Structures are given as structure tokens and as C-alpha cells.
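To keep things clear, I will list the structure first and then write my remarks on it.
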Protein chains: 2
Amino acid sequence: MDQLKLHNQVCFPVYTLAKEIVNRYRPFLQDLDLTYPQYLVMLVLWEKDGQTVSQIGEKLNLDSGTLTPLLKRLEQKKIIARSRSEKDERTVIISLTASGESLKDKAQNVPSQLVGSLSISVDELQKLRRIIDQILSNI
Amino acid sequence: MDQLKLHNQVCFPVYTLAKEIVNRYRPFLQDLDLTYPQYLVMLVLWEKDGQTVSQIGEKLNLDSGTLTPLLKRLEQKKIIARSRSEKDERTVIISLTASGESLKDKAQNVPSQLVGSLSISVDELQKLRRIIDQILSNI
DNA sequence: TACTATTAAATTGTGTGAAATTTAATTTGG
DNA sequence: CCAAATTAAATTTCACACAATTTAATAGTA
């Protein structure tokens with residue numbers, strides 16, 4: 001068996017599925033005027049408001065090279081605010097604006113819409129999560 | 001349970017794993033002077049030389065907006081050649097150069113290196129593939 | 001206390017991805 | 001046969017990702 005044949009690759013399906021998921025999210029997220037990475041940042045902030053750029057980056061595995069411009073776009077949309085910490089002027093604290101906070105209500109049904117559009121059972125999804133979490137925990 | 005909590009998301013792990021896989025490939029692919037998407041294109045061509053841009057795009061789920069500049073970079077590296085079809089001047093045929101063909105030898109051990117670096121059993125990887133293929137087939 | 005090292009963001013440069021438009025070539029229907 | 005529709009790439013625009021460097025602020029140390 002040829003190791004270099006595309007259909008024998010294990011990683012290509014993961015790569016394809018990830019792109020497909022982002023595409024599936026797109027129509028739902030367009031209603032919120034968010035891209036998928038922007039949505040992930042908002043999830044992090046909805047869970048705990050007032051985090052630094054690095055804290056957000058740790059949770060999403062993104063560095064400042066990605067986050068700085070993304071956060072500036074969220075700032076332009078007026079759903080977050082960026083301010084320097086008083087204790088340490090190096091750190092930038094990201095906080096939700098009122099409209100960023102209220103966007104959470106509109107986002108409530110996004111997960112169920114998405115899962116519905118994938119046409120797969122919750123059980124299979126759990127299995128998928130378990131295996132991926134196991135791989136990621138080894139990294 | 002809060003549907004909007006990051007750790008309850010099913011898609012975030014897939015997104016994270018895909019990025020992590022690309023990062024894992026990077027050091028091995030740097031030896032070949034290829035990025036991961038460029039490597040995927042080469043896999044397609046090593047399997048069958050002389051395909052059109054659309055044929056490559058169908059196999060990798062990429063459109064000309066992504067492929068055209070990518071293919072031009074591979075052309076600059078002199079591992080592929082681009083030529084218009086004589087039958088239909090609209091289509092561009094991508095073919096391997098001698099050095100593109102011989103790059104396949106250097107690529108032979110990439111898959112095993114990659115799987116080794118993921119520290120997961122082949123069995124688990126098969127399970128992962130099966131679930132993902134099932135999801136993708138429903139799309 | 002200066003000097004150095006470290007840290008946090010920002011910046012720069014390269015390379016995807018996707019949507020929308022454009023250009024050129026080919027097909028098709030009247 | 002010829003105008004209209006279709007098709008294939010290319011182009012344009014926007015938004016990630018990541019590596020590497022830079023800038024500014026803080027911490028540590030002789």
C-alpha cells in the first residue's frame with residue numbers, strides 16, 4: 001500500500017472536516033456578523049469577561065499575530081473594548097461592550113443549528129470528541 | 001449545561017486538531033520546501049500526473065482562488081509546470097517536472113514520521129478516520 | 001541603581017481559504 | 001451561424017495563521 005496516496009492519509013480528512021465545519025458555521029455566524037475565529041473569541045469572553053490577549057490566545061491556541069488584528073476588528077464592530085492594564089501597561093485587557101454582551105442571546109441557538117446541519121448523531125459526535133481530545137492531550 | 005461554553009463545543013477540537021496537524025507536518029515538510037497545502041497538491045499529482053486545476057481542486061476541495069497562487073509558487077520552485085490544454089485553451093494542465101517527480105522519494109517517510117509524532121495508536125487513528133469519513137460522506 | 005533578561009503586544013512578511021468579479025474560451029439554442 | 005449561456009482560471013478583497021522581529025514595560029541582579 002502506497003503511504004503517499006491521498007486516500008490513505010489520516011490527516012487529510014481532519015483538515016477537510018475542519019474547513020467544512022467553518023463553512024457550515026458561516027451562514028449562521030453571518031447573522032451575528034462574526035467569522036468562526038471571531039466567534040471563538042466571543043465564546044471565551046462570554047464565559048469570562050475581561051481577559052488579556054495572552055489568556056485568550058492560550059485558550060484558543062492563537063498568538064498575538066493572529067489575535068491583535070482580529071480583536072481590532074471586533075473593536076471596530078463595537079462588541080469588545082481594548083484597554084491597557086493599570087498594573088502592567090504591557091497587557092491589554094479585552095472586555096465585552098453592552099452590545100457584545102447582548103450578542104450572546106442571538107448566539108444561543110448557533111450550536112444546535114450547526115450540529116443539525118452536520119447530519120450526524122450526538123453519539124457519533126461524542127465519540128469523535130473523545131478520540132480527538134485524547135490525541136490533543138498527548139500534545 | 002451552557003451550549004456556548006468552549007469546552008462543550010464539538011467543532012473546536014476538530015479545528016484545533018487540524019491546525020495542530022499542520023504544525024506537526026511543518027518541520028518534516030520544510031525539508032521538502034513545501035507547506036501542507038502544497039504537499040497535498042503534490043500527493044494528488046504523484047498519484048496521477050497531468051491534471052487540470054479543477055481536477056486538483058475537486059480532490060482537495062479548493063477553488064482556483066486558492067490554487068492559482070499556490071500552483072504558481074510550486075512552478076517557481078520548478079517542481080511543477082503549467083500549460084494550457086490544446087483541446088480547450090481555458091483549462092490549465094499541471095504536470096510534474098523531473099525534480100517534482102523525484103521529490104516523491106524524499107516524501108516517502110513523511111507519513112510515518114507524522115503519525116509517530118502524534119503519539120496515538122494506529123487503531124485510534126482508524127477509528128477517527130471512520131467517524132470523520134462518515135460525517136463527510138453526509139455532506 | 002544601572003544593566004540585563006524577560007514578558008506582552010504589535011508589527012512584518014508569507015501563505016492559505018473563501019466569496020465575488022472578471023476575462024477568455026467553448027457550447028448551445030434559435 | 002451567431003448571440004447568449006456556460007465554463008475554467010485568474011483576479012480582487014478580506015480574514016485568518018504562523019514565524020520572526022520589534023517595541024515597550026517590568027523584573028531580576030550584580
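Protein chains get the first letters and strands the later ones, always in sequence-line order, with residue 1 at the start of each. Fair warning: this is a prediction, and the values are worked out from it, not measured in the lab.
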Distance, rounded to the nearest Å, where [X] contributes [atom1] and [N] contributes [atom2]:
X: B:Tyr15; N: C:dG17; atom1: OH; atom2: P; answer: 12 Å
X: A:Leu71; N: C:dT11; atom1: CG; atom2: C1'; answer: 15 Å
X: B:Phe12; N: D:dC16; atom1: CZ; atom2: C1'; answer: 15 Å
X: B:Glu86; N: C:dA25; atom1: CD; atom2: C1'; answer: 15 Å
X: B:Lys87; N: C:dT27; atom1: NZ; atom2: C1'; answer: 17 Å

* Asked: Quick one: on DNA chain C, does A:Ser64 or B:Leu62 contact a more 5' nucleotide (nearest heavy atom)?
  -> A:Ser64
* Given DNA chain C, 5'-ward residue of the pair A:Asp63 and B:Gly65, judged by closest heavy atom -> A:Asp63
* **First of B:Glu20 and A:Lys77 reached from the 5' end of DNA chain D, by closest nucleotide** => A:Lys77
* Taking only N and O in the side chain of A:Lys19, is any of them less than 4.0 Å away from OP1 or OP2 of D:dA17? -> no
* Is B:Leu67 touching bases, backbone alone, or none of the nucleic acid, heavy atoms closer than 4.0 Å? -> nothing
Ignoring hydrogens and angles, write down the donor-acceptor pairs under 3.5 Å from the side chains of residues 106-118 of chain B, residues two or more places apart or on other chains.
unit_1	atom_1	unit_2	atom_2	d
B:Lys106	NZ	B:Asp31	O	3.1
B:Ser112	OG	B:Asn109	O	3.1
B:Ser117	OG	B:Leu114	O	2.9

* Derivation and outcome, side-chain hydrogen bond (donor to acceptor under 3.5 Å, both in side chains), residues B:Gln55 and B:Lys48 -> CA-CA 11 Å; B:Gln55 286 172 328; B:Lys48 179 170 151 52; over 6 Å; no
* Is there a residue in residues 21-46 of chain A whose heavy atoms reach under 4.0 Å of DNA chain C, and which residues are they? -> A:Asn23, A:Arg26
Shorter than 3.5 Å, N or O on both sides, protein versus nucleotides 4-8 of chain D: list them out with atom names.
unit_1	atom_1	unit_2	atom_2	d
D:dT7	O2	B:Arg90	NH1	2.8

